[in-house]
Amino acid sequence: MAKRTGIEVSIAIAEAARQANVDVVSAYPITPQTHIVEHLAQLVADGDLDAEYITVESEHTAMSACVGASAAGARVFTSTSSQGLALMNEIVYLASSLRTPVVMALANRSLSGPISIWNDHSDVMNERDTGWISIFANNGQEAYDLTLMAFRIGEDRRVMLPVMINFDGFILTHVIEPMYIFDDEEIADFIPPYEPVCVLDTDNPITMGPVGVPDVYTEAKKQQEIAIRESRPIIEEVFEEFAQRYGRRYEPVETYKADDAEIVLLAQGSVIEAAEVAVDLLREQGRKVGAVELRLWRPFPFDALREVLCGTSIKQVVVLDRCISFGGPIGPVLSEVRSALYLEKDRPMVVGVVAGLGGRDISLEEYVEMFDVGEECLRTGKDSGEETDLVRIVGLRE
Amino acid sequence: MKLKEKPTWKELPFACSVPEPGNSVHYKTGDWKTLKPVVDKTKCIKCGTCWIFCPEYAYEEDEYGYYEPNYEYCKGCGICHRECPAQCIIMEEEVVE
Ligand code: SF4
Ligand code: SF4
């Protein structure tokens, strides 16, 4: 096992791409992701990474170059944030429908306006239905490990889908964290060379990305939906192999002190570790609380989530959304969790809160407040209705 | 590999790719047009400009070096009519019997 060393999380993620021996990097610098692509550009310029670094004039082109390079059989990496991802959006859909397993390190940042360079999850939520595998890291070590695993997952011939790894901008990207960074030899055989299923080759010409007339479009979408659904066991296979080899275990849904908890806070990303501190504090006061981390966002881990939440001690779930679904069901995570549990007979009540928008810190007291919201709902038996349909923002100045 | 006319989602090639090169010839776009180009051979100078500009590659050269549009593919866009230096391509109303 490698030594634990202090390293900036962005640099560690770029190192993961180097250790995966990527062939092509195409990206456009955007805060707070910039250090990742800067480091990769440096590695290529210094001859420390034998890859093509394609400089572009925008993220739209960055993603276009990624899809093209992947279609030509290259292992491809990119990284972006916020507006950059929004600008890529059109081609993000193409990467998944053309089944090009591009790996994206997504430093989560809020969307404008007002202009905000700080962290929340509105960028990734905007890409929810693009057909990419989407996984959340809650610290730098996880972001590094998951970036490595993303190549294995996406490029698996049973999967062949692009993968985005989410980690909170600034909160994680700019932190120097003590991390286990693999020696190159240690990780080399975990990521075998990429063998594409379908590749652009002048000797065997094919067309990728043709017009899908009404007679085939529906069938093409069904194929894509099945592909991402069927990636689920392979994601777990890769998590398992990683755990076997390196001792760090990842699960689609993870829990903290949830075994006998009555109220749990469900969230994604770095807030989970802060929520755990609140759980410890409340546990000392004798309150039966816990935390649930929804690590795998797409494909949505329905079964794993139901296993944790249904028919257990948990009576109330408080979902923390880092993004607002304007005029809709509060936030995307709340909406999905509720819908996943809808048909379950023995399910907990689910209420939503929004916090940590555009880089606003969430204090310990505010996490406690979220558990209080859960307790209030449990006491009054309210998990829907006019009052709970309102977007309840914790940490808002009224 | 020849594609089935209406494949099921399982039969559809991976990622909806087209494994048969040049299969766009199976896709007849001729019925899109309302106006069709007609070449007046008495004025044609056999320059091939129509053949170069046609976005559907509809023009074919005959044994005498004249160019004739293949109406199974011609969409009736009128580009050939506009580009012909001898102005010998007339757009006529397409009449379906
Ligand atoms: S009308 Fe357009 S499509 Fe038809 S032959 Fe002329 S250029 Fe080609
Ligand atoms: S462009 Fe006009 S003159 Fe030239 S070959 Fe075609 S029809 Fe004839």
Side-chain angles (χ1 to χ4, degrees), chain A residues 66-68 70-73 76 91-102 130-133 154-162 195-231, chain B residues 1-37 48 50-61 68-83 91 94 96-97:
Chain A
C66 286
V67 171
S70 184
V76 182
I91 316 298
V92 169
Y93 279 88
L94 282 174
S96 52
S97 57
L98 267 60
R99 310 282 297 276
T100 50
V102 174
T130 53
W132 283 53
I133 292 170
E155 291 174 4
D156 189 295
R157 290 169 74 90
R158 296 164 293 172
V159 178
M160 296 300 292
L161 284 170
E195 284 179 42
V197 169
C198 183
V199 68
L200 294 178
D201 172 6
T202 45
D203 292 332
N204 297 292
I206 55 159
T207 304
M208 288 174 78
V211 173
V213 292
D215 263 350
V216 301
Y217 186 85
T218 307
E219 283 67 28
K221 291 292 119 179
K222 169 72 179 179
Q223 209 182 56
Q224 207 184 324
E225 155 61 11
I226 292 296
I228 190 159
R229 226 162 256 277
E230 290 185 346
S231 71
Chain B
M1 185 177 126
K2 184 98 178 75
L3 275 186
K4 269 182 69 176
E5 185 110 332
K6 291 198 176 184
T8 66
W9 70 269
K10 287 180 185 164
E11 291 164 343
L12 196 69
F14 178 80
C16 201
S17 57
V18 181
E20 182 195 354
N23 83 337
S24 61
V25 294
H26 302 316
Y27 190 40
K28 307 267 167 83
T29 49
D31 60 358
W32 294 18
K33 63 181 167 300
T34 51
L35 295 175
K36 65 172 184 182
C50 50
W51 178 81
I52 291 170
F53 274 87
C54 173
E56 278 302 311
Y57 310 108
Y59 275 94
E60 288 159 12
E61 192 182 352
E68 279 283 353
N70 181 333
Y71 294 122
E72 283 196 327
Y73 298 106
C74 166
K75 290 172 176 170
C77 67
I79 290 174
C80 53
H81 158 75
R82 188 186 162 99
E83 297 298 332
M91 299 303 285
E94 167 106 314
V96 181
E97 308 299 328

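Here the structure is a predicted model, which means the values were calculated and not measured.
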Distance col, row A:I206:CD1 vs B:E20:CD, nearest 0.5 angstrom, shows 13.0 Å
Counting heavy-atom pairs under 4.5 angstrom with chain B, the leader among A:V216, A:N204, A:T218, A:V213 is A:V216
Taking A:E219 for the side chain and B:P7 for the main chain, is one N or O donor matched with an acceptor at less than 3.5 Å?
no
Is the number of heavy atoms from other residues, nucleotides or ligands within 6.0 Å of CZ (B:F14) greater than 12?
yes
Most heavy-atom pairs under 4.5 Å with chain B, out of A:L98, A:V197, A:V211, belong to A:V197
Checklist line | Enclosure of A:R157 CZ (heavy-atom neighbours >12, cutoff 6.0 Å) | finding: yes
Checklist line | Test item: B:W9 and A:K221 side chains (from C-beta on) under 4.5 Å apart, heavy atoms | finding: no
Most contact-rich option vs chain B, by heavy-atom pairs under 4.5 angstrom, among A:A220, A:P210, A:P205, is A:P205
Honestly, the part of A:Q224 sitting under 4.5 Å from a heavy atom of chain B is neither
So CG of B:L12 and NZ of A:K222: to nearest 0.5 Å the spacing works out to 13.0 Å
Applying a strict 4.5 Å limit to non-hydrogen atoms, the region of B:T8 in contact with chain A is backbone
In short, A:Q223 meets B:C16 closest at the heavy-atom pair OE1-N, 3.9 Å
